[in-house]
Amino acid sequence: QVPLVESGGGLVQAGGSLRLSCVTSGSFFSIGDMGWYRQAPGKQREMVAVIDNRGNPNYGDSVKGRFTIFRDNAKKSVSLQMNNLKTENTAVYYCNVNGLSRIFKGNLYWGQGTQVTVSS
């Protein structure tokens, strides 16, 4: 088992859309903030969107109005709908979860990363 499993990355043309999904292990019994971060080549990892356990989202300035974060507490999952993608959105996207697991130590978890490439 792994704490988080991501899916949904790929190659898309500028102006297109992608949806990323992240499912947590069934071992989680408490989940706080869930979110997405990204890291482009040569750049630091940055916050894209975070949603708390009440469903309140927070977005990075560059994605406001184009990206939407969704959370399903019953399925313990988080998704990121990305619309009107731009070439500068090309990066590896990482799911991030703050939570407690019966089998994994710690309380901050990262997914394996999924590549999003936006072509011009």
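Taking Glu46 as the reference, Arg38 meet the side chain to side chain donor-acceptor pair (under 3.5 Å) condition, with sequence neighbours excluded. By the side chain to side chain donor-acceptor pair (under 3.5 Å) test, Thr117 is found to be paired with Gln115, residues two or more places apart in sequence or in another chain being considered. Residues meeting the side chain to side chain contact (heavy atoms under 4.5 Å, CB included) test with Asn83, sequence neighbours left out: Ser17, Gln81. Not a single side chain to side chain donor-acceptor pair (under 3.5 Å) links Lys86 to another residue, sequence neighbours left out. Not counting sequence neighbours, Asn96 has no partner by the side chain to side chain donor-acceptor pair (under 3.5 Å) test.
Summarising the geometry of Cys22 relative to Leu4, their closest heavy-atom pair is SG-CB, 4.0 Å, with the distance given to 0.1 Å. The two residues Val48 and Val63 come nearest to each other via the heavy atoms O-CG2, 3.5 Å. Nearest approach of Ser120 to Ala14, heavy atoms of both residues: CA-CB, 4.5 Å. Between Leu80 and Ala49, the shortest heavy-atom contact is CD1-CB, 4.1 Å. Scanning all heavy atoms of the two residues, the minimum distance from Val92 to Gly113 falls at CG1-CA, 3.8 Å. For the pair Val12 and Leu18, the tightest heavy-atom approach, listed with the atom from each and the gap, is CG1-CD1, 3.9 Å.
Residue pairs meeting the salt bridge (Lys or Arg N to Asp or Glu O under 4.0 Å) criterion with at least one member in residues 6-33, sequence neighbours excluded, do not occur. Legend: side chain to side chain donor-acceptor pair (under 3.5 Å) pairs involving residues 99-112, not counting sequence neighbours, sorted by first then second residue: Ser27-Ser101. Among pairs with a residue in residues 63-80, those fulfilling salt bridge (Lys or Arg N to Asp or Glu O under 4.0 Å) read Asp61-Lys64, at least two apart in sequence or across chains. Among pairs with a residue in residues 44-71, none fulfils ring-ring contact (aromatic ring centres under 6.0 Å, His included), at least two apart in sequence or across chains.
Using a 4.5 Å cut-off between side-chain heavy atoms of Ile, Leu, Val, Met, Phe, Trp and Tyr, Val23 forms no hydrophobic cluster with any other residue. With side-chain heavy atoms closer than 4.5 Å counting as contact, directly or through intermediates, the hydrophobic cluster containing Val5 also holds Val2. With side-chain heavy atoms closer than 4.5 Å counting as contact, directly or through intermediates, the hydrophobic cluster containing Phe29 also holds Leu100.
Each of Tyr37 and Val97 belongs to its own hydrophobic cluster when Ile, Leu, Val, Met, Phe, Trp and Tyr are linked at side-chain heavy-atom distances under 4.5 angstrom. Val50 is not connected to Leu20 by any chain of hydrophobic side-chain contacts under 4.5 Å among Ile, Leu, Val, Met, Phe, Trp and Tyr, and they are in different clusters. Linking ILVMFWY residues whenever their side-chain heavy atoms come closer than 4.5 Å, directly or via other members, leaves Tyr94 and Phe28 in distinct clusters.
Between Ile31 atom CD1 and Asn73 atom CG the span is 7.5 Å, to the nearest 0.5 Å. Rounded to the nearest 0.5 Å, atoms CG (Asn98) and CE (Met34) are 10.5 Å apart. Rounding to the nearest 0.5 Å gives a distance of 7.5 Å between CD1 of Ile51 and CG of Asn56.
When atom types are taken as modelled, the side chain of Thr90 and the backbone of Val118 share a donor-acceptor pair closer than 3.5 angstrom.
By the 6.0 Å contact criterion, CD on Gln13 is open, its count of non-hydrogen atoms from other residues, nucleotides or ligands being 12 or less.
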Applying side-chain contact (heavy atoms from CB on, under 4.5 Å) to Met82 and Val116, what does each step give before you reach the verdict? CA-CA 10 Å; Met82 305 184 291; Val116 171; 3.9 Å; yes
